[in-house]
Every structure is written in C-alpha cells, then in structure tokens.
Number of protein chains: 2
Amino acid sequence: MASLGDIGVSALINIISAFTFLLAFAVLRIQPINDRVYFPKWYIEGKRTSPRSWGGVVGKFVNLNIMTYFTFLNWMPQALKMSESEIITHAGLDSAVFLRIYTLGLKIFTPVAIVALLILIPVNVSDGTLSFLSRDLVVDDIDKLSISNVRPKSYKFFVHISMEYLFTFWVCYMLYKEYNRIASMRLKFLAAQGRRAEQFTVLVRNVPHVSGRSVSDSVETFFQRNHPDHYLCHQAMYNANKFARMVRQRNRLQNWLDYYQLKFERHPDKRPKTKRGCLGICGKKVDSIDYYKEQIKYLDKKLTMERQKILKDSKSVMPAAFVSFNSRWGAAVCAQTQQSKNPTLWLTNWAPEPRDVYWRNLAIPFVSLSIRKLVISLSVFALVFFYMIPIAFVQSLANLEGLERVAPFLRPLVEWGFIKSFLQGFLPPLALKLFLYFLPAILMIMSKIEGHVALSVLERRTAAKYYYFLLVNVFLGSIVAGTAFQQLHAFLHQSATQIPRNIGVSIPMKATFFITYIMTDGWAGIACEILRLKPLVIFHLKNMFIVKTERDLEKAMNPGGVDFPEALPSLQLYFLLGIVYMVVTPILLPFILIFFALAYFVYRHQIINVYHQQYESAAAFWPHVHARIIASLLISQLLLMGLLTTKKAANSTPLLIVLPVLTLSFHKYCKNRFEPAFRNYPLEEAMSKDTQDRASESEIDLKSYLADAYLHPIFRSFEEVDLVEVRVDTNPNPNPNPNPPKQASPSPTPSELSSPSPDHDHHDEDEPSHTVQHYEVRQPHPIYQYELEQPHHVYQYDHEQPHTAYHYEVESPSNVYRYDSEPHYQYYHY
Amino acid sequence: MASLGDIGVSALINIISAFTFLLAFAVLRIQPINDRVYFPKWYIEGKRTSPRSWGGVVGKFVNLNIMTYFTFLNWMPQALKMSESEIITHAGLDSAVFLRIYTLGLKIFTPVAIVALLILIPVNVSDGTLSFLSRDLVVDDIDKLSISNVRPKSYKFFVHISMEYLFTFWVCYMLYKEYNRIASMRLKFLAAQGRRAEQFTVLVRNVPHVSGRSVSDSVETFFQRNHPDHYLCHQAMYNANKFARMVRQRNRLQNWLDYYQLKFERHPDKRPKTKRGCLGICGKKVDSIDYYKEQIKYLDKKLTMERQKILKDSKSVMPAAFVSFNSRWGAAVCAQTQQSKNPTLWLTNWAPEPRDVYWRNLAIPFVSLSIRKLVISLSVFALVFFYMIPIAFVQSLANLEGLERVAPFLRPLVEWGFIKSFLQGFLPPLALKLFLYFLPAILMIMSKIEGHVALSVLERRTAAKYYYFLLVNVFLGSIVAGTAFQQLHAFLHQSATQIPRNIGVSIPMKATFFITYIMTDGWAGIACEILRLKPLVIFHLKNMFIVKTERDLEKAMNPGGVDFPEALPSLQLYFLLGIVYMVVTPILLPFILIFFALAYFVYRHQIINVYHQQYESAAAFWPHVHARIIASLLISQLLLMGLLTTKKAANSTPLLIVLPVLTLSFHKYCKNRFEPAFRNYPLEEAMSKDTQDRASESEIDLKSYLADAYLHPIFRSFEEVDLVEVRVDTNPNPNPNPNPPKQASPSPTPSELSSPSPDHDHHDEDEPSHTVQHYEVRQPHPIYQYELEQPHHVYQYDHEQPHTAYHYEVESPSNVYRYDSEPHYQYYHY
C-alpha cells in the first residue's frame with residue numbers, strides 16, 4: 001500500500017519514461033533511415049516511395065535539417081487532422097471504430113470524473129473515520145478520499161448509491177448512443193462498398209459425402225435444386241499443406257535468384273557464384289543464377305506433379321465450398337437459412353473476405369468442432385485458474401538442485417557464487433515472464449484449434465480469452481491476494497453473498513496499486529508503443545543482413561496492424577477499473593482519463609502512418625466491447641453491494657438490487673436491437689444494393705468476376721502460367737472463364753486487386769504467400785464515399801498496365817485530392 | 001419418516017382408491033347417458049352420433065345389458081390396439097409424442113431398476129452401518145436399502161459412482177435415440193401434411209408506422225420490393241375486442257332463438273313467451289321468437305356499424321400482418337431471414353396454425369415485449385420463492401379476530417363453538433389449496449402477458465413456469481424443510497459447495513416421503529384422471545339446466561385436450577425423482593415404473609376416446625422435455641457429489657466431476673443436432689415439397705386459397721352475408737376473390753375446413769366464437785398417411801352439402817376402414 005508520496009514518485013518515474021519514449025520517437029521518426037518503420041502505411045499505399053532526404057550520403061540516413069528538430073512534436077496535431085471519414089477511407093472501419101473506443105472512454109469518464117470529484121470526495125473526506133479509527137487495514141492518504149473514510153451505517157451511503165445509479169445510467173446512455181452510431185456506420189460502410197466477392201458468396205461446410213460422387217458435384221446438384229434462381233457457381237477447396245510448404249521453398253529460391261540477378265546487373269563483369277552444399281557454405285562452387293534457375297525449374301516440376309496429385313486425389317478435396325450467387329439477396333438468403341433436414345450438414349455462413357479466410361480450418365467436421373470447443377473451453381478455464389501450476393513446475397526444474405541432477409557436468413559452474421545467485425534470482429521469474437509474453441500466442445493457437453474459419457473471428461476469440469485471463473489474474477488477483485487457484489478454492493467454499501463482500505471490502509485498499517498499474521502499463525506502455533522499438537530494431541537488423549531485393553525490403557517493413565487480441569482486452573480492463581472505482585475511489589479516474597487521451601493520440605498516429613490492417617471486419621468486434629463494458633457495470637454494482645454490506649449500511653444497500661436487473665435488461669435490449677446488424681445482412685439492404693447495381697451498371701459478367709475470388713491459394717501459387725489448364729481440371733462442371741488468367745480479379749474498381757495482401761503469410765505459416773507478381777501492386781485503399789457530401793469520382797484504370805497507371809480523383813466540396821501511384825504523387829494532407 | 005409398514009398402509013390405501021376409480025370408470029363409461037363424456041372424440045370426429053342403447057326409456061340412460069358389466073376392464077387392451085401411426089392420424093403428433101414420454105420413462109427406468117436392485121441393494125444392505133450406528137436421524141427400514149447404510153469412507157462408493165456413470169450414459173443414449181426418432185417423426189409429419197396455409201405464411205410484426213400510409217400499404221410495398229418473386233398477398237389485423245364481446249352476446253341470443261324455435265316446432269300449438277326485463281324474470285311478456293329475432297336484428301345493425309368503424313379507423317389496424325408467399329420456399333426464406341436494417345422492425349416468424357393463433361398479443365410492440373418479459377420473469381421468480389407471503393397474509397385476514405374486526409355483526413356466529421373450530425381449522429388451508437388450484441391459470445395469464453402469439457407457445461411457457469414451481473417447492477421444498485423463501489435465504493448464505501452437500505445429505509431420508517407422494521399423486525391421481533369426474537358432473541349439470549340446442553349439447557361435451565401445462569411438468573418431476581434416486585435409494589424405482597405404466601394406459605385411452613387437441617404443434621414441446629431430463633441428470637450428479645462428500649468419500653468423489661461436463665456437452669450436441677428441426681423449416685424440405693406439388697397438381701389458385709386462411713376472427717363473426725363487401729372495404733389493394741364467400745376455405749382436402757374449431761373461444765374469451773354454420777361441420781381428422789404402407793385414398797367430398805355427405809376410404813394392406821359421417825357408420829376397431 002503506497003501513500004500519496006509513493007504515488008507521486010511512481011507518477012514522476014512513469015511520466016519521465018513516457019516523455020523519454022515520446023522524445024526518442026520524435027527524433028527517430030524524422031531520420032530518413034527509419035522512414036519505412038514510421039511511415040510504412042504510406043509506402044504500402046504507394047504514396048511514398050523513398051524517404052525525404054536532405055542530400056548527400058549522410059543525408060540519406062540521418063536528418064540534417066535542423067529546423068525539423070524544433071517541430072518534433074508536430075505529429076500530435078497532425079494525427080488529429082484527418083477526419084473520421086478520411087480515416088475510414090484510409091485505414092478501414094475497424095481502425096476507425098477502434099479509435100472510437102478511446103473517445104468513448106473519454107466521453108464516459110470525463111463527466112463522471114468531474115461529478116465524482118466534486119460530490120463524492122467532499123462527502124468522503126468530511127466523515128474522517130479513518131483518522132481516528134485504528135483498524136487492521138493500513139490507512140493511507142488515498143483512502144481518506146475513498147469510501148473507506150465514511151463511517152459505518154452512515155446515511156452518506158445514499159449519496160454513493162445514487163451516484164452509482166446516475167453513473168450507470170450515464171454509461172448506458174453513452175453505450176446506447178455509441179452502439180447505435182457504430183451499427184449505422186457499419187451498415188453505411190457495407191452499403192458504400194463496391195461490388196465485392198464476399199457479398200455474393202456463402203461458405204458451405206459439412207458437405208455430406210455421397211459415395212460415387214465428388215464433393216463438387218454434390219454442391220452443384222444441391223444448390224441448383226434448392227436455390228435454382230440464385231445459384232451461380234462454387235469453388236471447391238483442397239487440403240494443400242504440403243504443397244504450400246513447397247511453394248514457400250520456391251519463393252525463397254526466387255528471392256535468391258532476384259538477388260543474384262540484381263547483383264549481376266550492378267556488376268555485369270562478374271557472375272556471382274554460390275556453393276551447392278548445405279546453407280551455401282560447403283560444396284562445389286557453381287554459377288548462382290544458373291543454379292537457382294535450375295533449382296526453380298526442378299521445383300516447378302515437382303510442384304506441378306504435387307498439384308496434379310492433389311487435384312486428382314479425391315481425398316484432398318475438403319467437404320466445404322464457397323458457393324456464389326447471382327445476387328446479394330440470394331447470398332443473404334442462403335447464409336441465414338437452414339438448408340438441410342439434418343442441421344449439422346450443409347452449414348451455411350457468410351463467407352469472410354478472401355484475405356480473411358483461415359483456410360486450414362475449413363475442413364473440420366461438425367462433431368469434431370463440438371469436441372474441440374469443449375476441450376478448448378476446459379483448457380482456457382484451466383489456463384486461467386491453474387496457469388501457475390506448470391510454471392511452478394518449470395520453476396522447480398529450473399532451480400539449482402534440479403539442474404545439477406539433470407546435468408551433473410554443470411556442477412562446477414553452478415557452484416560458482418555469481419552464476420548461482422543469478423540463476424536463483426533470475427530463472428524463476430523468467431519462466432513467468434516468458435509465459436506471459438507468449439500468452440497471446442498460446443491463446444491464438446487455442447482459438448485456431450477451436451476451428452474458426454476467419455482470421456477476424458480468431459482474433460476476437462483470442463481477445464475474449466485474454467480478457468478472462470486479465471479479469472481473473474490481474475483484476476481479481478490483485479484485489480484478493482493469492483493465486484487464481486486459491487481464489488477459486490475460496491470462492492467455492494464461500495456463500496454467494498460472501499464473495500462480493502470479501503472482494504468488495506478490499507477494493508478501496510487496492511486503489512493505489514491500480515493507480516500505479518495505470519501509470520506503468522498505461523502511460524509508459526502506450527508511449528513505448530509509438531516508438532515501435534521492436535520493429536525498429538528488427539527492420540535495421542534485417543536491412544543489414546537479410547534484405548536482398550526490393551521485395552525483401554517491403555517485407556522487412558512489416559507494419560503490422562492494431563493488435564486486437566491484446567489491445568482490446570487491456571482497454572476493457574481500463575474500463576473495468578474506471579467503472580469499479582468511479583464511486584469507490586474517484587481519485588483514480590483522472591489517471592484513466594490521461595491514459596485514454598494519450599492512447600487516443602498514439603493509436604491515431606499509428607493507424608494513419610503505420611498499421612496496415614490485414615482484413616476488414618467492419619467493426620465486428622463492437623458487440624464484444626459493449627458486452628464487456630456492461631459486464632464491468634455489473635461487477636461494479638455487485639462489489640459495491642458487497643462493500644456496503646460490510647459497512648452495515650443495511651437500510652441503503654437493498655436499493656442497489658434493482659440496478660443489476662436494469663443493467664441486464666438494457667444489455668438484452670441492446671443485443672436485440674443492434675447485434676443482428678453485426679451478424680446478418682438484412683434482405684432490405686441486399687435488395688436495394690442489387691437494384692442499384694442493376695440500374696447503374698450495364699450487364700456485367702458476374703460469373704467470371706466471382707470465378708476466382710475465392711480461388712484456393714493453391715491456384716494462386718507461383719506463376720499463373722497454367723491456371724486455365726488447372727481450372728478445367730478441377731471443375732467437373734467447368735465455368736469457362738473468358739478472361740485471360742492474368743486478370744484474376746477483373747474488377748473495374750480498384751478495391752479488389754489489393755485484397756490478398758503480401759503480409760497474409762506471416763499469420764498463417766502453412767499457406768502459400770501471395771507473391772504472384774501482379775498481386776504486389778499497391779493501389780490506394782478503396783475510396784470510401786460516405787460523408788463526403790458530393791463526391792465526384794473519376795476512375796481511370798488501365799487493365800493493360802496495372803502496375804503503373806492508376807489515378808483517381810475525388811472532388812468533395814472542400815478539397816480536391818489527387819493520387820497517382822507513380823513518382824509525382826502529392827503527399828496526403830501533410 | 002415412515003417405516004416399511006407405513007408405506008405398506010399408504011400403498012394399500014392408494015391402490016384401493018385407484019381401483020375404486022378404475023371400477024367406477026368401468027361402470028360409468030358403459031352407461032349410454034355418459035357416452036358423450038367418455039367418447040367425445042368420436043362424436044367430434046363424426047363417427048358416433050348417439051349412444052348405443054338397449055331399448056326402452058330406461059335403456060336410453062342406463063346400460064341394461066348385464067354382459068357388458070363382466071367385460072368392464074376391456075378398455076385396457078382396447079387402448080393398446082391402435083398403432084402409433086394410427087394415433088397420429090387420429091389425434092395428431094402432439095398426442096402421440098406425449099405418449100412416447102411415458103414409454104421413454106419405461107424404457108429408461110426398467111433396465112435401470114433391474115440393475116440397481118440387483119447390484120446396489122446388496123451393496124447397501126451388506127454394510128449395515130445403520131443397524132449399529134445410532135445417529136440423530138431417524139432410521140427406518142427403507143434407509144437400510146439406501147446409500148445411507150454404507151459406512152463412511154467405504155470403497156463401496158466406487159460402485160455407486162460407476163452406477164451413476166452407467167445410468168447417465170444409458171439415459172443419454174435413450175434420450176439421443178428418442179430425440180432422433182421424434183425429430184424425424186416431426187419432419188415426416190410435416191412432409192406428409194397436405195397443403196396448409198401456415199406453410200405459405202409468415203407472421204410479420206412491428207410494421208413501422210409511416211405517416212400518410214396505411215399498414216396494409218406499407219406491408220404490400222415492402223414485400224413487393226424485397227421478395228418480388230415470392231410475395232403473394234397479406235392479411236391485415238384488427239384490434240376488435242369490443243366487437244368480439246358483441247358477437248358473443250349475439251351468439252347467446254341466437255342460442256335462445258334456436259331453443260324457442262325448437263320448442264315451437266315440438267309444440268306447434270303454443271307459441272313460447274318470454275319476459276323482456278332483466279334475466280327474463282320481470283317485465284312485459286312478449287312472443288319469444290319475435291323478440292329474439294328483433295333483438296338479433298338490432299344487434300346485427302350495431303355489429304355492422306362497429307365493424308365499419310373498426311375498418312375505417314386506422315387506429316384499430318394493428319402493426320402486424322400475415323404475409324403469404326407463392327411457395328413454401330419463399331415463406332421459409334422470409335421466416336428465417338432478417339428483413340430490415342433495424343432488427344426490431346419487420347420481425348418475421350413462421351405463422352402458427354390458424355387455430356393456434358392468439359390474436360390479442362399480435363399488436364405488442366418490440367420495446368413493450370422486452371419489458372413484459374423482464375417483468376414476468378421477475379414475477380415468476382417472486383411467485384416461486386415468495387408465494388407463501390400473500391397466502392400467509394390472506395390466512396391472517398381469514399382468522400377470527402380479523403373477521404370480527406372487519407364484520408362485527410358476525411360475532412355471535414363466530415363465537416359459536418362449531419363454526420369457530422371449523423373456520424380456524426379450515427380457512428387457512430383453504431387459501432393455500434385455492435392458490436394451488438388456480439396456479440396453472442395464474443401462470444397461463446402471466447404467459448399471456450409475456451406476449452406470445454400462439455396458444456402452443458403459451459402452453460409451453462406455462463409448463464416451464466409450473467416446472468420451476470414444482471422443482472423448488474415440491475422437490476427442494478420437501479427435501480430441505482422450510483419455505484422456498486427460507487431456502488433461498490439459506491442458499492445465498494451458504495458456499496457453492498455447501499448447498500449440494502446440505503441437500504444431498506437429506507436426499508436418502510426423504511425417499512419414503514416421495515414414495516408416498518408417487519402413490520398419492522401418481523397412482524391415485526392418474527386413476528382419477530380417467531374417471532373425468534369434473535367433466536362428468538359439469539356435463540350432467542349443464543344437460544339438466546343449460547342445454548337447449550344440439551349445439552349446446554356439443555359444447556357441454558367439452559372433451560378438452562392433454563393438459564400440457566400441468567401434465568408435462570409433473571411428468572418431468574417423476575423423471576427427476578427417478579433419476580435422483582436411482583443410485584441413492586433404488587427401491588423407489590418400481591413405484592415410478594408402475595406410475596409410468598398406469599399413466600400410459602390411461603392417457604392412451606383418453607387420447608383415443610376423449611381428448612380433442614385444439615392445435616397441432618408437431619411435438620414442438622420435445623426440446624423442453626429433453627432439456628429438463630438433462631437438467632435432472634445434472635441435479636442428480638450434483639446432489640450425489642454433495643452426499644458423497646458428507647460420507648467422507650474423498651478418494652472417489654472427484655471421479656464424479658467429469659460427469660456433469662460430459663452431460664452438458666451431450667446436451668449441447670443434441671441441441672445443435674436436433675433442435676433446428678423444431679425451429680426452422682429447412683429449405684431442402686420446402687423446395688422438395690414445392691416441386692412435388694407443382695408436379696402432382698395442375699395450376700391451383702393459391703392466392704384465393706390463402707386469401708382467407710388467416711382472416712381475422714372479426715370477419716368470421718356471425719353470418720358471412722356481407723363478407724365480400726367487408727373484404728373490399730378492408731384492403732386498399734384488393735385481392736379480388738373469385739370464389740363465392742360461402743367457400744371461405746375452398747380446399748379440396750377436408751383438413752382445412754375443420755381448422756377453426758368451436759371450442760376455440762373457451763380459451764380466449766375475448767374473441768368471437770366460430771359458430772358460423774358451415775364451420776360447425778365435423779369431418780374426420782385430416783388423414784395422416786405416413787407408415788400406412790400402401791395407402792390408397794379415395795376422397796369424395798361434396799361442397800354443396802357439407803353437413804351430410806362425407807365419406808372416405810383408406811386401404812392399407814391389413815385393413816379397410818370405411819367411415820361415413822351419417823347414421824350407418826361402423827365403429828372404429830372396437
């Protein structure tokens with residue numbers, strides 16, 4: 001328990017470290033050498049190709065323009081300049097809504113903090129119980145401002161209860177407004193999207209196996225019979241993990257080839273040589289270019305054979321398919337209805353975006369899914385409550401006696417004093433730190449085992465698991481001392497009314513701890529986030545050792561995206577802290593407000609300049625955020641009830657019982673009112689968009705447009721030389737595609753081509769990376785029209801030269817933007 | 001606590017009373033005068049028009065044939081004669097599946113009883129703890145056969161635990177088989193049905209109000225836009241409660257008119273007279289026939305005016321409609337999808353059968369629905385846990401001091417000794433009895449307030465509420481002494497592990513109580529059910545005083561249906577008892593088996609001869625039955641765990657922890673696997689039925705067929721003289737109906753005409769009763785084809801004379817049935 005002075009010291013340390021990070025960031029970001037670390041988003045969008053340099057060799061690496069150092073904090077106003085609609089255009093709705101969580105935090109807690117500080121603090125201070133009452137709890141200055149200071153049985157508790165009511169209503173009101181706004185933003189966003197493959201496509205799983213019939217055949221027959229007016233075509237899926245490994249190997253070889261060819265171009269006098277043996281160290285020296293060409297040729301042959309094998313072997317066809325319809329209405333109908341008598345067969349769902357699909361989980365049958373879910377939920381429970389057990393086991397192994405027993409030859413080393421103390425002091429916490437560091441990855445693996453088929457869903461499920469972990473181990477674990485396992489044991493042996501009482505009574509005592517936590521984890525942590533220390537180091541390391549080609553450089557840039565699995569749960573933890581303490585110890589609120597404001601700045605900057613989202617789920621995570629803030633309200637009410645019963649406020653406590661009921665019914669209402677917008681695509685919308693399409697555009701060959709949208713990565717593989725041949729092979733009912741294979745996504749709008757982004761493979765290691773040449777093209781993000789009042793779009797798109805010639809203009813009443821993908825581009829707004 | 005001797009006495013009493021009931025039934029049922037009480041189903045089906053009589057005036061009332069008295073128990077084999085598929089044809093799937101619950105009980109508990117008696121009883125007896133251990137619990141003989149007799153810490157508990165596992169697996173296996181069977185029965189039943197209005201119709205609620213546009217207009221526009229290929233027509237709904245009251249009044253007058261006309265026909269010399277004043281006692285004497293004709297004419301005018309007012313007044317149009325589609329596929333799609341951006345508008349659901357609709361709840365808006373649900377669930381909670389409070393209050397009022405204070409003039413009466421003791425002894429229990437008697441009605445009113453739109457759903461919800469009441473107040477209330485409120489208080493102040501321990505420890509001690517309960521409530525109660533004492537008395541009373549016309553006689557017959565709201569919960573309570581005691585005190589099982597067998601006989605007889613179901617939900621209640629048996633398993637496992645911990649069987653108890661998890665995941669699997677069959681209509685089915693229809697039948701005017709199917713009762717009213725006029729009035733976009741108004745349901749199959757049955761109004765007092773002449777026609781229940789191996793149907797249906805000429809033949813391989821509705825009918829099978 002820290003006194004006010006301790007908190008001051010902690011605040012000072014954290015503020016200094018936060019400022020150090022910010023300062024370091026401000027200096028580092030204007031160095032040309034770091035340009036690709038701090039502005040990767042613009043490189044990806046193609047609006048920035050080389051860092052601004054100030055001449056000379058040194059100027060290429062270090063910023064020599066002194067003036068810029070004086071304006072080093074100008075990223076903050078810059079970060080605020082972009083309007084929300086521009087952010088949606090620039091980075092997608094997910095990012096924009098993620099930022100709205102921070103503004104929601106500010107909107108909720110600013111009035112709450114003002115009211116609480118003005119009303120509750122005087123009420124708490126005036127009683128002054130703690131100053132003359134000597135109890136077994138250690139009393140500090142913060143406690144004098146909290147509810148602990150109020151005399152038992154005091155009538156002042158009515159003030160706290162009415163404040164809890166007031167704040168709950170306020171939070172609910174803000175949540176309702178926000179949910180309403182985000183639901184309509186989502187619908188508008190979906191309505192404003194151009195034609196996209198996922199609007200017409202449904203993912204069908206658990207296709208039943210009929211002997212003597214291929215899966216593709218069954219799908220064709222079934223949908224032609226049951227959706228005769230709407231069915232268009234489908235794409236079968238293949239289990240191609242081995243093939244994917246080979247494709248990755250080929251990419252590596254291709255990279256080396258590119259590198260040596262580049263080298264040879266620069267020094268045409270000397271042909272590069274390489275050694276044939278392992279890792280290029282030993283073996284006979286051969287001509288590199290010839291060697292790699294040969295190797296690739298050999299691998300290509302193997303790949304073709306493997307592919308033929310996959311396509312011929314009916315066992316590698318998975319019992320799932322992407323089924324496309326000729327209208328959005330047809331797809332919406334199919335996605336929302338039950339197809340077959342047996343509800344475990346022919347499961348239909350909206351297809352995720354092509355770049356959002358997690359291919360490996362598509363083949364899991366229904367029974368296995370149920371079992372997986374059961375096993376994983378049990379494991380998560382075990383992980384949350386018993387995670388200390390394996391760590392303690394590892395720690396016990398890592399102690400010295402264990403080490404000596406396992407490896408007697410280490411004895412002399414271990415006996416040496418310094419090593420001994422180092423090991424004893426360092427190893428046990430290291431095991432814990434390592435576990436916590438890898439926890440999100442572990443949870444992600446668990447979610448993958450659970451069998452979700454979209455990356456966005458995987459991330460949401462991981463976020464949920466991480467939230468449970470934080471709730472039990474950080475929140476409850478800090479309040480009630482002891483491990484989660486001990487808590488669980490205690491809870492099982494306490495009565496239902498005793499639990500909130502036991503937790504509630506220690507809530508005010510832990511306020512100082514959480515204030516320190518907010519400063520360390522929140523303030524300093526978020527300032528560290530903007531510095532991007534890890535990507536910075538990795539980028540430069542890669543640049544020095546690995547980067548051989550332009551493609552490697554782009555890979556090394558690795559902007560990443562908003563880390564939803566970690567960011568959402570910790571954000572929700574801050575909401576929980578704020579809501580629990582708003583009545584109990586309101587002095588905590590300003591610390592949270594500072595966190596929200598700082599994080600808002602930082603993430604706004606990162607989203608504009610750094611992150612490049614891998615997929616777009618159109619804010620599908622919002623219902624979870626909403627539900628967890630409601631859960632926080634319920635926790636807060638329960639704990640306040642528990643706290644008040646220990647204060648013997650018997651006359652006032654029963655007044656609180658109504659509140660959870662009201663909160664729960666508010667949640668239920670919101671769920672009914674808004675959640676379907678995040679689950680279903682209403683027929684009204686689908687129909688109006690269909691009609692609009694039909695009216696605005698002339699006949700378009702939808703079938704050929706959809707034919708390849710959900711092409712299994714196996715076909716995307718390395719070169720599309722024999723794509724047509726392959727496609728004819730695959731499909732017993734071929735959909736003759738009139739387009740040449742080069743135009744795999746013959747969309748007239750630019751949005752389609754950018755879908756399979758090259759950072760796809762870093763998430764899913766077993767899938768072939770999309771390094772096909774024409775997929776490397778970067779176009780600006782799809783224009784997002786809504787809220788620009790009178791947009792006049794002029795698209796000029798040249799199919800013949802997709803790499804170079806892409807221009808478009810948006811004229812809105814206020815601005816004229818002009819982007820070109822090639823050199824003479826204008827810098828967006830800055 | 002009763003000893004074995006006490007149980008014997010109780011068994012004797014209950015067996016004697018059960019036999020008395022059965023004997024009384026056997027005698028009463030063969031009296032011609034009671035024929036309409038014990039065989040109403042056959043009267044309704046038109047296969048029986050007058051009781052078998054044995055000549056003479058006396059023979060009309062009393063059975064004089066001595067021989068029949070000797071075969072008085074032959075109803076039992078008769079009840080078993082009908083096969084299940086025949087029962088489905090005869091009484092519907094609901095009844096057939098209801099009977100299957102009893103056979104399921106027999107199938108589950110017979111092997112369990114045998115195994116438990118053979119293995120567990122020897123294990124329990126052999127230990128003999130109780131014989132030398134004197135504890136504070138009263139020891140009786142039954143306890144020696146139960147788990148109480150096993151020594152603490154004994155290894156014999158492993159036997160009990162393995163039995164619990166074995167029995168759980170057995171119950172789950174039987175449940176799975178049964179669910180599978182019933183789901184396929186349901187699908188077959190639905191597939192075998194002829195064309196029915198509800199297959200094409202969707203109930204749309206919360207039609208948004210657009211100013212300047214009628215509801216009917218909005219519906220038309222919305223569905224023409226969003227379901228252009230499938231939308232056919234719709235029917236608006238009116239709020240007509242006042243009108244309904246007037247219609248009831250008119251029916252009463254019509255009845256009197258019929259009565260006097262009948263009287264006049266019999267005695268043509270004397271015109272009946274009646275007095276004009278109140279209740280026909282005072283006032284001027286007038287000619288009855290003229291008087292009532294005049295009255296009816298006057299009322300008809302008023303009705304016409306009121307109807308015009310309703311139709312003109314846009315406020316009486318409810319924001320809901322029955323929307324019909326041109327194919328089952330279209331309706332299935334609309335029912336399962338979300339229509340509008342705002343998910344609280346345009347709510348679509350399958351329309352219930354026309355006779356199943358609860359009209360009054362159709363107009364409830366979405367927000368009000370949520371609030372109603374909240375309020376009702378809170379009230380149910382309060383009712384279950386605090387129902388003793390108002391009763392205690394009434395009881396305290398009903399005591400003598402209270403009575404004297406309220407009504408001092410009663411003092412001399414009250415002071416009289418006999419009256420005093422009678423009041424003191426009788427009034428307080430009377431209040432409780434009355435409450436318990438009215439409880440199902442109270443719960444039904446609550447369900448109605450909740451806002452469900454189908455009678456079947458109302459009954460299911462009422463059954464659920466009643467089950468909670470039984471579970472808390474009968475099961476837990478008997479085990480843990482004290483009122484439910486005291487239990488609730490105790491539970492809140494006990495730890496989570498203490499509760500099952502406290503309940504578990506008293507479980508074996510209460511076995512004797514539950515054995516007595518099964519005999520009283522089960523054996524004697526079910527024997528009383530077959531006697532139909534209440535309907536018998538009411539029928540004869542009505543016959544004596546009220547019955548004036550043939551129509552009255554039919555009304556007085558009142559067969560009723562299976563009383564799902566009471567029968568299902570008490571049945572589930574027996575399952576709970578059996579499952580909880582199967583390991584603890586297996587001697588209880590034979591008693592339950594006898595109950596199941598007896599009840600099966602009785603209900604089979606009643607379903608064949610008496611009950612006439614008001615609606616057909618195609619076994620929609622099954623998921624609830626399944627879920628509650630699973631809940632019983634979980635309760636049993638928890639309580640056994642609690643019981644074993646008190647026995648200090650620490651080494652064996654943890655083995656039980658896996659079982660609830662397995663049971664729950666089994667439940668979840670079943671829910672996913674089978675429940676959609678009870679909620680949705682799969683598109684595959686809809687499409688195949690559509691195709692079949694199109695192939696087998698020539699063009700049929702679906703629009704006119706559906707036009708009146710969901711006609712609001714207001715149009716059915718009294719005479720359909722001006723139906724066409726009204727219909728044109730109603731609909732701003734008239735669907736010109738080419739059929740004459742007499743053919744309101746121009747179906748070629750007989751099933752349709754019988755839908756709005758005349759006993760509709762006794763459930764829903766505010767709606768007009770369907771006494772239109774051509775609705776009184778009784779046809780045999782719709783022919784149900786499935787499982788008759790080669791059915792050859794010959795329908796002969798004469799629209800001109802629907803009262804008399806209805807014949808049909810069914811030829812199955814084994815039998816030829818022939819039914820005619822008029823005199824020369826052959827008695828079905830008997």
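Both backbone and side-chain heavy atoms feed into the values below; hydrogens, waters and symmetry mates do not. Naming convention: chains lettered A, B, ... in sequence-line order (proteins, then strands); numbering from 1 in each chain.
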Parallel, tilted or perpendicular: which one describes the rings of His230(B) and Trp329(A), with boundaries at 30° and 60°? parallel

Residue, of Asn680(A), Asp690(A), Leu345(A), that accumulates the most heavy atom pairs under 4.5 Å with chain B: Asn680(A)

Run Leu374(A) and Val661(B) through side chain to side chain contact (heavy atoms under 4.5 Å, CB included) and show every step you take. CA-CA 9 Å; Leu374(A) 173 70; Val661(B) 176; 4.0 Å; yes

Thinking salt bridges, do Lys341(A) and Glu685(B) make one under a 4.0 Å N-O criterion? yes

Measure the shortest side-chain to side-chain distance between Arg673(B) and Asn342(A) over non-hydrogen atoms and say whether it is less than 4.5 angstrom. yes

If you count heavy-atom pairs within less than 4.5 Å of chain B, which of Tyr681(A), Tyr669(A), Phe674(A) leads? Tyr669(A)

Would you say the side-chain atoms of Gln336(A) pair up with the backbone N or O of Gln338(B), donor to acceptor, closer than 3.5 Å? yes

Between Asp229(B), Thr344(B), Thr337(B), which has the largest tally of heavy atom pairs under 4.5 Å with chain A? Thr337(B)

I'd like to know which of Met687(B), Gln339(B), Arg225(B) tops the heavy-atom pair count under 4.5 Å against chain A. Gln339(B)

Heavy-atom pairs under 4.5 Å with chain B are the metric here; pick the option from Pro676(A), Ser370(A), Ala677(A) that has the most. Pro676(A)

SG of Cys334(A) to CG of Leu683(B), rounded to nearest 0.5 Å, is 7.5 Å

Side chain, backbone, both or neither: which part of Ile371(B) has a non-hydrogen atom closer than 4.5 Å to chain A? neither

